[in-house]
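Below you'll find the structure, written out as structure tokens, and then a few comments.
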Amino acid sequence: MTQKPISSEQGPDAPSDGSPHTRLWLRDLALWSAIFAGVAALLMLVIDHEPGGVYTRLQNLAAWFGGGPKPEVVTYPMWGLGVVLWLTQSPALTAALQVAASSVAAAALMLRFRREMPANKVPLAVLFILCMPWYYMVILPYANGFAQAFMVLALLAAERAWRLDSLGTAIASGILFGIGQNFRSELVLLPGFCLVMMTVLRRTPRWRSLKIFGAMTAVALLFQLPWALHFYRETGHPKLTESTGWAVMYGALGQLPDNPWQIEAQDAFLDEVVQSEGYTFSGLSEEAGVVFKRRYFEAIKAHPTAVPRVWAHRIKSMFKAPFYSGHIALDEDEKVGLDVVRERFKLKLGIGANQREIKAYRDSGAWDKPASLRQNAAFAYELGSQAALILFFLAVLAGIALTLRAGRVWRGESIVLALTLCPIAFKLLLGVFLTYRHDYLNSISVFCIPFALVAFSRVKALRRNTAVSDHSGFAPQQRPTVTSVNPNVAG
């Protein structure tokens, strides 16, 4: 009997069974992880990734964990990256670990998508290599890189748990989510969101979805209890997220230009609000959260019709700046000139120009200085990459619409598409109803890739005038049955 050739796209039978499938999958995982890490390392040489105020706060937390002085606010930011900095005692090693974790996560996700879209292996690889928004979050010295890596790995584990009906893998998924939440607290809501999406909207066995995603959500919440206890010890009441939630919601109302509340979406403005009420505590503290909560509801009550305008403005901002790929590294003087060019462009487009910075530039005379060739080149990179990312975003939305219309998401034996849509829908909803900034969707950019390919495949098919009903590039799916799930195929 002739043995069928082994394809690494089939994945391993088990994580450590030593089979040829496992070895080939691990080989491909190592290869693509190295390629993605190389891309990230190259971008570190070209793209500006200097640390900011949040990183300083994380370093202060790390010093406190090691017996140093206690920072003024220890309930923001989340302590995940602070713990890593404390354990490694090395920012360089921490950055390397973040690149490694993100590269492995991206490689594992791409290999899973290649199984789902076998006709698009090369385009998938190209788009993963060119996915600058993902790499930008990887090279920044913040917690986003670790958070998005654990989110990807958690969702891959959840998909495998559902496919194999494995409670143990579901628990592993919850652990990965729980770790990621301790880097970025917004992930606290994502497991529950997945639970609702997969149990209510899927047409395949709901009991299995309820068991798998319920266990995942419960374990993820358990991993947030240490933070809740820490929050209780510092403030007198437990909380699963950071202390800046109400500050974010109140300040985000200022994202609407010329808003009736005269709110500015700037950290300095939030501090001024606290000081205007006679308080001396930080605008990032839980005490300030009480002030911002009251002010938020007062603002909503005073101008309720302006709130939908805020949401509409955020949606418009998504289409104007859906992702962000960073900017070319410049010296300090060149950065000022580039920012002047940038703010002028924002004023023309109406994308939330920073009025405080503009005033400062006018006062210093920087606003009237002509931009240099290097500054214009850096801005051209930003503008060109942004144009490409807008096209990518439009393709993603079109691909999602085509996929939903084809009915592949909510039925069929594969839940990859449905589970891929969960973080996309989650971040889009938060971006509309909570807050939005130009890099807010970066962490889901890799999840968007297969849907962009759906749109590109449809355009290509239409250009060829091919009369085929399905041009998505996805592998054919069978009718949904429990027995049709193959436990010997892994992601």
Shortest non-hydrogen contact between [X] and [Y], atoms and distance:
{"X": "Gly326", "Y": "Tyr381", "answer": "O-CE2, 3.4 Å"}
{"X": "Ala161", "Y": "Ala170", "answer": "CB-N, 3.4 Å"}
{"X": "Leu383", "Y": "Phe345", "answer": "CD1-CZ, 3.4 Å"}
{"X": "Gln375", "Y": "Gly337", "answer": "NE2-CA, 3.5 Å"}
{"X": "Ala371", "Y": "Asn376", "answer": "CB-OD1, 3.6 Å"}
{"X": "Leu253", "Y": "Ile263", "answer": "CB-CD1, 3.9 Å"}

Just verifying a value: how many Å separate [X] [atom1] and [Y] [atom2], rounded to the nearest 0.5 Å?
{"X": "Arg112", "Y": "Leu124", "atom1": "CZ", "atom2": "CG", "result": "12.0 Å"}
{"X": "Leu189", "Y": "Leu434", "atom1": "CG", "atom2": "CG", "result": "9.5 Å"}
{"X": "Thr217", "Y": "Leu195", "atom1": "OG1", "atom2": "CG", "result": "4.5 Å"}
{"X": "Leu284", "Y": "Asp267", "atom1": "CG", "atom2": "CG", "result": "6.5 Å"}
{"X": "Leu389", "Y": "Leu394", "atom1": "CG", "atom2": "CG", "result": "11.0 Å"}
{"X": "Asn144", "Y": "Leu81", "atom1": "CG", "atom2": "CG", "result": "9.5 Å"}

Test side chain to side chain contact (heavy atoms under 4.5 Å, CB included) on Leu441 and Phe447 and set out the steps.
-> CA-CA 10 Å; Leu441 302 181; Phe447 290 109; over 6 Å; no

Look at the rings of [X] and [Y] and say which category their plane angle falls in: under 30° parallel, 30 to 60° tilted, over 60° perpendicular.
{"X": "His303", "Y": "Trp261", "result": "perpendicular"}
{"X": "Phe183", "Y": "Phe146", "result": "parallel"}
{"X": "Phe269", "Y": "Tyr250", "result": "parallel"}

For [X], does the [atom1] atom have more than 12 heavy-atom neighbours from other residues, nucleotides or ligands under 6.0 Å away?
{"X": "Tyr232", "atom1": "OH", "value": "no"}
{"X": "Trp86", "atom1": "CH2", "value": "no"}
{"X": "Gln262", "atom1": "CD", "value": "no"}

Are side-chain heavy atoms of [X] and [Y] found at a separation under 4.5 Å?
{"X": "Tyr76", "Y": "Ser285", "result": "no"}
{"X": "Tyr436", "Y": "Val310", "result": "no"}
{"X": "Phe451", "Y": "Ile424", "result": "yes"}
{"X": "Pro123", "Y": "Phe456", "result": "no"}
{"X": "Pro77", "Y": "Leu58", "result": "yes"}
{"X": "Asp48", "Y": "Lys335", "result": "yes"}
{"X": "Lys320", "Y": "Gln386", "result": "no"}
{"X": "Met110", "Y": "Phe113", "result": "no"}

Regarding [X] and [Y], do their side chains bring together a donor and an acceptor under 3.5 Å, going by distance alone?
{"X": "Glu343", "Y": "Asn354", "result": "no"}
{"X": "Tyr440", "Y": "Glu186", "result": "yes"}
{"X": "Thr75", "Y": "Ser243", "result": "yes"}
{"X": "Asp368", "Y": "Tyr361", "result": "no"}
{"X": "Ser33", "Y": "Ser103", "result": "no"}
{"X": "Asn182", "Y": "Trp227", "result": "no"}
{"X": "Ser282", "Y": "Glu72", "result": "no"}

Passing option when Gln255 is tested against Glu264, His313, Arg314, Arg437 for side chain to side chain donor-acceptor pair (under 3.5 Å) = Arg314

One thing to verify: whether [Y] and [X] come together as a salt bridge, which I'm taking to mean a side-chain N less than 4.0 angstrom from a carboxylate O.
{"X": "Glu272", "Y": "Arg356", "value": "yes"}
{"X": "Arg342", "Y": "Glu357", "value": "no"}
{"X": "Lys70", "Y": "Glu234", "value": "yes"}

Side-chain donor or acceptor of [X] paired with backbone N/O of [Y] under 3.5 Å:
{"X": "Ser173", "Y": "Ala154", "result": "yes"}
{"X": "Ser90", "Y": "Leu93", "result": "yes"}
{"X": "Asp439", "Y": "Asn442", "result": "no"}
{"X": "Glu50", "Y": "Pro141", "result": "no"}
{"X": "Glu334", "Y": "Asp331", "result": "yes"}
{"X": "Gln98", "Y": "Val138", "result": "yes"}
{"X": "His49", "Y": "Leu43", "result": "no"}

Derivation and outcome, side chain to side chain donor-acceptor pair (under 3.5 Å), residues Ser385 and Ser325 = CA-CA 7 Å; Ser385 61; Ser325 58; 3.0 Å; yes

Evaluate the criterion side chain to side chain contact (heavy atoms under 4.5 Å, CB included) for residue pair Val290 and Trp246; output intermediate values, then yes/no.
-> CA-CA 8 Å; Val290 176; Trp246 287 108; over 6 Å; no

With a 6.0 Å cut-off on ring centres, are Phe231 and His237 close enough?
-> yes

Start with the C-alpha gap between Glu242 and Arg184, add the side-chain angles, then the distance that decides, and say whether salt bridge (charged side-chain N to carboxylate O under 4.0 Å, His left out) holds.
-> CA-CA 9 Å; Glu242 298 155 313; Arg184 289 282 294 174; 5.6 Å; no

Please step through side chain to side chain contact (heavy atoms under 4.5 Å, CB included) for the pair Met318 and Val432, ending with a clear verdict.
-> CA-CA 9 Å; Met318 283 185 186; Val432 173; 3.7 Å; yes

So Met216 and Phe213, side chain to side chain contact (heavy atoms under 4.5 Å, CB included) or not? Walk me through it.
-> CA-CA 5 Å; Met216 175 190 76; Phe213 294 104; 3.7 Å; yes

Report the C-alpha separation of Trp134 and Ser102 in whole Å, then their side-chain angles, then the decisive distance to 0.1 Å, and conclude whether the side chain to side chain donor-acceptor pair (under 3.5 Å) test is met.
-> CA-CA 9 Å; Trp134 170 269; Ser102 298; 5.1 Å; no

Of the options Tyr324, Phe319, Tyr136, which is the one that meets His438 in a ring-ring contact (aromatic ring centres under 6.0 Å, His included)?
-> Tyr324

